[in-house]
A.B. asks: 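Have a look at this one before I ask anything.
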Amino acid sequence: MDEQYDPQAIEQAAQEHWLTHNSFAVQMDDTREKFYCLSMFPYPSGKLHMGHVRNYTIGDAISRYQRMQGRNVLQPMGWDAFGLPAENAAIKHNVPPAKWTAENIVEMRAQLRQLGFAYDWDREIATCDPDYYRWEQWFFTRLFDKGLAYKKQAEVNWCETDQTVLANEQVIDGLCWRCDNPVERREIDQWFFKITDYAEELLADLDKLEHWPERVRTMQRNWIGRSEGVELDFDFNGTPLTVYTTRPDTLMGATYLAVAVQHPVAKQAAADNPALATFIEEQSRVKVAEADMATMEKLGMDTGLRAVHPLSGESVPIWVANFVLMSYGSGAVMSVPGHDERDHAFACKYGLPIVQVVDKAGDDYTYDATTWHDWYADKEGTTSINSGEFDGRDFQGTFDAIADRLEALGRGTRKVNFRLRDWGVSRQRYWGAPIPIINCEECGSVTVPEEDLPVVLPTEVEFEGVGSPLKQMPEFYVTQCPNCGGAAERETDTFDTFMESSWYYARYGCANNHSAMLDAEADYWAPVDQYIGGIEHAILHLLYSRFYHKLLRDEGLVSSDEPFTRLLTQGMVLKDGAKMSKSKGNTVDPQSLIDRFGADTVRLFSMFAAPPDQSLEWSDEAVQGANRFLKRLWKMAAAHCAGEAPAALDAASLDDRQRDVRRKTHETIAKVSDDYGRRQTFNTAIAAVMELCNEVGKLDESDQDRAVRAEALHAIVLMLSPIVPHICHALWQALGETDDILNVPWPGVDESALTRDSIEMAVQVNGKLRARMDVPADAAREAVEELALQQDNVRKFIADATVRKVIVVPGKLVNIVAK
RNA sequence: GCGAGUGUGGUGGAAUCGGUAUACACAUCAGACUUAAAAUCUGACGGCCGCAAGGCUAUGCGGGUUCAAGUCCCGCCACUCGCACCA
């Protein structure tokens with residue numbers, strides 16, 4: 001064995017070995033438990049960044065560990081290949097997106113191979129491949145038939161100068177990123193998925209995801225935003241004006257109505273009220289970031305119109321207000337200024353009446369319009385007042401009584417509302433999967449027949465300006481209607497790229513099946529047992545995937561309810577306390593580190609520097625430290641192997657020092673197993689192995705010293721192999737082992753090595769550490785107490801006091817309470 | 001504004017179920033080797049007092065519970081993230 005650690009040679013040899021043995025290809029196997037480990041696939045932007053390295057090293061360590069546990073492990077890799085950056089690059093460098101993307105994939109694949117990740121490359125997929133997106137198109141037609149995909153008008157950012165739709169990130173301060181002209185909102189036809197049909201289940205099933213971070217589940221819960229209330233009608237000139245409220249118990253305190261500026265009633269009132277028309281015009285043009293909206297001044301204007309309260313029969317004014325959202329509920333609200341903060345501010349500002357209808361027991365506060373109270377919205381310990389026959393009830397009592405009355409009168413119904421909106425899946429972009437629809441003047445939107453799929457995206461394109469080239473390609477869009485045979489036009493919109501990433505995890509299970517979207521093998525691998533990726537996908541990607549999985553299930557393609565059993569959200573990689581980014585100029589290129597130190601050093605550092613779910617502060621010095629550890633490990637093994645083959649271990653004959661090292665070996669195995677499997681804290685696992693190495697270094701060259709060291713080195717190499725697989729591959733051979741380390745099971749703990757004759761215990765007096773003592777492992781409680789009281793330093797502290805109590809924590813400490 | 005999370009040496013972090021705070025590294029300092037430097041090896045390394053033994057003190061701040069609190073509870077402060085007029 002070479003004395004010098006030569007990472008380049010070692011890593012190349014290990015990677016060649018894996019390649020020639022096809023080491024990571026897997027098939028279905030009913031004799032072993034399956035384990036599907038997946039890291040979020042990358043967008044092929046050009047090169048790997050440190051975030052990728054961290055993400056994929058975590059996934060690889062888990063995969064390799066699970067394999068050593070005897071599981072049938074699938075770990076695939078692929079490319080989230082559609083998206084806007086390819087179009088931007090095309091415009092900038094005049095290279096077609098398909099070519100640019102393919103070149104990036106070649107480069108990044110080579111980098112992933114250099115890092116030694118244990119992927120089954122036979123299952124590699126790229127979402128821009130027609131073999132992939134054809135199934136997405138096929139599935140869309142199925143959803144269309146079920147009514148789960150539909151078309152409606154929706155707003156987009158429109159640049160009049162460039163005659164094109166802009167993505168949100170292409171709008172900078174309200175201006176087009178290309179021509180700096182103002183961007184306007186325009187309504188166009190778009191395709192949607194009815195995710196709201198699954199809102200209830202998506203919410204309820206979050207409770208099943210016990211191995212997901214609570215943070216992610218909370219974010220999804222809030223995003224879905226379920227609320228229970230009543231939808232009720234005020235009478236407006238004989239037609240119902242519908243409002244939604246979660247507080248029907250305060251209905252008798254509703255003193256006016258407020259409608260959104262886009263509401264039909266507002267438009268109607270504006271027809272013969274120029275001042276109002278101007279107000280509406282101004283307010284609909286204000287297009288600010290959502291963050292500013294919450295703090296924006298609340299403005300409104302009286303329409304002069306009035307509506308009739310459904311229970312009191314009183315006439316209430318209708319106002320237009322800038323804070324009412326057209327997109328939630330019915331775009332109109334009943335205003336209860338006595339018990340809603342916004343309504344209160346609005347009523348005070350415009351002099352509208354305020355009626356208190358909820359009182360708090362034991363609070364002698366009497367309402368007047370100039371003061372406000374901290375329990376105005378409480379639902380507990382309150383009583384309804386000023387509400388006629390509903391007086392005297394608590395929140396739920398009034399809620400039910402009023403809801404029942406409205407339902408009996410036919411003026412309202414209980415309703416559950418969601419904040420979640422249907423998912424808009426069409427994009428007016430080129431570099432995406434074509435939506436398989438043909439628009440016919442006679443038949444409307446007709447799906448492309450299955451035998452005509454896929455609708456292939458042309459890849460030989462030229463960009464003129466920013467619009468999609470598809471819209472200038474009659475050879476693409478001119479076609480016949482599959483229904484009537486008449487002249488028709490193909491849809492030129494493409495799918496949102498979240499479509500591809502919502503089901504790729506399932507496709508890896510049968511990536512090479514050309515006759516079906518998913519099959520029995522795909523269902524064998526699903527669901528993903530361990531998913532690893534960035535927290536930035538906590539809502540959209542993970543919610544869409546969960547939705548898609550339920551769609552696939554309802555189509556009979558998978559038999560599970562959820563796609564990802566266990567989720568690990570890895571933290572960001574920071575430099576100088578900030579996220580690495582090109583604009584800040586604080587990036588670190590993984591390639592230069594691999595070239596300098598080797599992949600194992602980079603892998604080791606990224607796993608050692610922080611627990612996986614925390615942010616990781618980059619440190620060039622600490623990378624060198626990781627490299628230094630590998631060099632030391634290599635030297636220790638080289639020195640060990642240079643001598644004669646070690647004698648057989650004779651556990652019974654070991655002296656205390658040798659037994660201590662051997663105990664440390666087996667304690668470390670126990671700890672590292674727990675850190676890898678249950679805790680997923682690889683940093684502490686590495687620290688424990690480093691400690692063991694420090695202990696092993698103290699052994700000398702006697703027969704049994706060498707035998708103890710041989711056992712420890714075998715364990716160390718096996719335990720580190722998920723994180724630094726190349727060096728461990730080489731060390732395993734150097735230790736004289738002929739089996740491929742990949743096929744060697746995880747080391748077991750020898751319980752007999754863990755026993756001790758004596759234990760060091762801490763002795764406290766009144767909770768403060770005063771002494772340490774060695775006690776026989778089998779000492780009785782009384783003997784331990786006795787020994788503790790005899791310690792010199794302890795006697796000093798209890799000399800002038802009476803011992804009241806002695807607490808013994810077996811094997812750990814004694815606390816003497818004395819006063 | 002609402003919600004979630006974090007706060008421990010010079011730095012990254014450890015302390016898993018309330019039980020010996022600062023493991024493992026990085027940096028720094030000292031020593032060995034060297035003509036010298038790098039590399040490598042050995043040692044020191046929270047603060048204060050002390051020759052030492054040892055003592056006092058310390059986990060953002062202030063209280064509390066407990067024999068015992070970085071860990072649990074209450075109230076503040078700072079930072080990070082998410083949502084953001086959802087009626």
Side-chain angles (χ1 to χ4, degrees), chain A residues 213-219 221-223 225-227 229 243-247 250 258 289-296 298 321-325 327-336 339-343 345-346 417-421 535-536 538-539 571-572 574 577 605 608-611 613-626 628-629 631-632 635 671 674-675 678-679 681 683-691 693-694 697 760-772 792-793 796-797 804-819:
Chain A
E214 188 52 45
R215 183 151 81 114
V216 175
R217 294 198 285 169
T218 304
M219 279 160 75
R221 242 177 238 122
N222 293 340
W223 189 262
R226 183 182 193 274
S227 69
V243 302
Y244 175 73
T245 181
T246 55
R247 295 297 302 270
T250 63
E290 286 189 326
D292 304 323
M293 300 236 315
T295 50
M296 208 163 73
K298 285 158 187 54
N322 66 345
F323 63 87
V324 179
L325 303 173
S327 52
Y328 184 77
S330 59
V333 296
M334 65 177 210
S335 294
V336 185
H339 304 281
D340 180 276
E341 196 179 349
R342 286 159 308 175
D343 295 349
F346 195 82
N417 243 330
F418 292 95
R419 192 186 161 283
L420 182 70
R421 306 292 143 73
I535 187 73
E536 66 272 22
I539 299 177
M572 286 189 301
L574 310 178
F605 168 76
F608 179 57
D613 55 351
Q614 272 180 37
S615 61
L616 182 157
E617 176 66 32
W618 188 263
S619 159
D620 288 325
E621 290 84 8
V623 174
Q624 297 214 32
R628 194 147 52 213
F629 170 72
K631 280 198 253 182
R632 263 202 305 267
K635 265 170 77 175
K671 171 165 177 57
D674 191 41
D675 283 353
R678 179 182 64 90
R679 299 214 303 155
T681 52
N683 56 324
T684 52
I686 294 165
V689 175
M690 285 175 169
E691 276 185 63
C693 286
N694 293 342
E760 190 189 64
M761 290 181 76
V763 185
Q764 298 177 332
V765 177
N766 293 328
K768 291 199 182 221
L769 181 69
R770 296 302 176 192
R772 293 173 207 276
D792 287 348
N793 205 35
K796 216 164 88 187
F797 278 89
R804 308 261 177 196
K805 205 199 272 189
V806 178
I807 286 147
V808 178
V809 182
K812 290 212 163 135
L813 63 77
V814 180
N815 189 13
I816 297 159
V817 186
K819 275 186 182 157

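Labels below follow one simple rule: chain letters A, B, ... track the order of the sequence lines, proteins then strands, and each chain is numbered from 1.
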A.B. asks: Closest-nucleotide mapping onto RNA chain B: is A:E621 or A:I816 further toward the 5' terminus? I mean the 5' end.
C.D. replies: A:E621

A.B. asks: Which base sits across from B:rG18 as a Watson-Crick or G-U pair, both distances under 3.5 Å?
C.D. replies: none

A.B. asks: Can you tell me whether the base of B:rG64 sits syn or anti, using the 90° cut around 0 to define syn?
C.D. replies: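 Glycosidic conformation of B:rG64: anti.
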
A.B. asks: In the structure shown, which nucleotide is the Watson-Crick or G-U wobble counterpart of B:rA39, with both distances under 3.5 Å?
C.D. replies: none

A.B. asks: Select one nucleotide: of B:rA15, B:rG55, B:rA68, the one nearest the side-chain heavy atoms of A:N793.
C.D. replies: B:rG55

A.B. asks: Within the structure shown, what part of the strands sits under 4.0 Å from A:N683 by heavy-atom distance: base, sugar-phosphate, or nothing?
C.D. replies: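 Sugar-phosphate, backbone atoms only, no base.
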
A.B. asks: Taking any heavy-atom pair under 4.0 Å as a contact, classify A:K671: base, sugar-phosphate, or nothing.
C.D. replies: base

A.B. asks: If the threshold is 4.0 Å, N to carboxylate O, is there a salt bridge linking A:R628 and A:E621?
C.D. replies: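 No, A:R628 and A:E621 are not salt-bridged.
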
A.B. asks: Classify the nucleic acid contact of A:D340 as base, sugar-phosphate or nothing, counting any heavy atom under 4.0 Å across all strands shown.
C.D. replies: nothing

A.B. asks: Heavy-atom count around A:E760 CD within 6.0 Å, excluding the residue itself: above 12?
C.D. replies: yes

A.B. asks: Contact class for A:S335 (heavy atom, under 4.0 Å): base, sugar-phosphate, or nothing?
C.D. replies: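 If one applies the 4.0 Å heavy-atom cut-off, A:S335 turns out to touch nothing in the nucleic acid.
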
A.B. asks: Hey, does A:G625 reach any base, or is it just sugar-phosphate, or nothing, if we go heavy atoms under 4.0 Å?
C.D. replies: sugar-phosphate

A.B. asks: Test for a donor-acceptor pair under 3.5 Å between the base of B:rU40 and the side chain of A:R632, counting only N and O atoms.
C.D. replies: no

A.B. asks: Considering Watson-Crick and G-U wobble pairs with both distances under 3.5 Å, what does B:rG82 pair with?
C.D. replies: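 Result: B:rC2.
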
A.B. asks: Under a 3.5 Å cut-off for both contacts, is B:rG9 paired Watson-Crick or G-U wobble with anything, and if yes, with which nucleotide?
C.D. replies: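 Pairing partner: none.
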
A.B. asks: Watson-Crick or G-U wobble partner for B:rC56, using a 3.5 Å limit on both distances?
C.D. replies: B:rG47

A.B. asks: Pick base, sugar-phosphate or nothing for A:S227, based on heavy-atom distances below 4.0 Å to the nucleic acid.
C.D. replies: sugar-phosphate

A.B. asks: Just N and O in the side chain of A:K768: are any of them under 4.0 Å from OP1 or OP2 of B:rU57?
C.D. replies: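 For B:rU57, OP1/OP2 do have a side-chain N/O of A:K768 under 4.0 Å.
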
A.B. asks: Tell me whether the OP1 or OP2 atom of B:rC86 has a side-chain N or O from A:Y244 closer than 4.0 Å.
C.D. replies: no

A.B. asks: Contact class for A:F608 (heavy atom, under 4.0 Å): base, sugar-phosphate, or nothing?
C.D. replies: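 Base: the residue A:F608, judged by heavy atoms under 4.0 Å, touches a nucleobase.
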
A.B. asks: Please check the phosphate of B:rA84 (OP1 and OP2 only) for any side-chain N or O of A:R342 closer than 4.0 Å.
C.D. replies: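 Checking A:R342 against B:rA84: no side-chain N or O falls below 4.0 Å of OP1 or OP2.
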
A.B. asks: Quick one: label A:R419 by what it contacts on the DNA or RNA (base, sugar-phosphate, nothing), any heavy atom closer than 4.0 Å.
C.D. replies: base

A.B. asks: I want to verify a distance call: between B:rA15, B:rG82, B:rU16, whose nearest atom is closest to the A:D674 side chain?
C.D. replies: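 Nearest nucleotide to the side chain: B:rU16.
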
A.B. asks: From the list B:rC85, B:rU16, B:rC67, which nucleotide is the closest neighbour of the side chain of A:R679?
C.D. replies: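 Shortest atom-to-atom distance from the side chain points to B:rU16.
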
A.B. asks: Since syn is defined as within 90° of 0, does B:rC17 count as syn or as anti?
C.D. replies: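 It is syn.
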
A.B. asks: Base, sugar-phosphate, or nothing for A:V817, non-hydrogen atoms under 4.0 angstrom?
C.D. replies: sugar-phosphate

A.B. asks: Sort out the partner of B:rG70 for me: Watson-Crick or G-U wobble, both distances under 3.5 Å, none otherwise.
C.D. replies: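 The base-pairing partner of B:rG70, which may sit in any strand shown, does not exist here.
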
A.B. asks: Would you mind classifying the nucleic acid contact of A:V324 as base, sugar-phosphate or nothing, using non-hydrogen atoms under 4.0 angstrom?
C.D. replies: base

A.B. asks: Hey, does A:F346 reach any base, or is it just sugar-phosphate, or nothing, if we go heavy atoms under 4.0 Å?
C.D. replies: nothing

A.B. asks: Name the nucleic acid region contacted by A:N694, choosing base, sugar-phosphate or nothing; use a 4.0 angstrom heavy-atom cut-off, strictly under.
C.D. replies: sugar-phosphate

A.B. asks: Check whether any side-chain nitrogen or oxygen of A:R221 sits under 4.0 Å from OP1 or OP2 of B:rC83, and answer yes or no.
C.D. replies: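 Answer is no, no contact under 4.0 Å.
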
A.B. asks: Would you indicate what A:R770 reaches in the nucleic acid, counting non-hydrogen atoms under 4.0 angstrom: base, sugar-phosphate, or nothing?
C.D. replies: sugar-phosphate

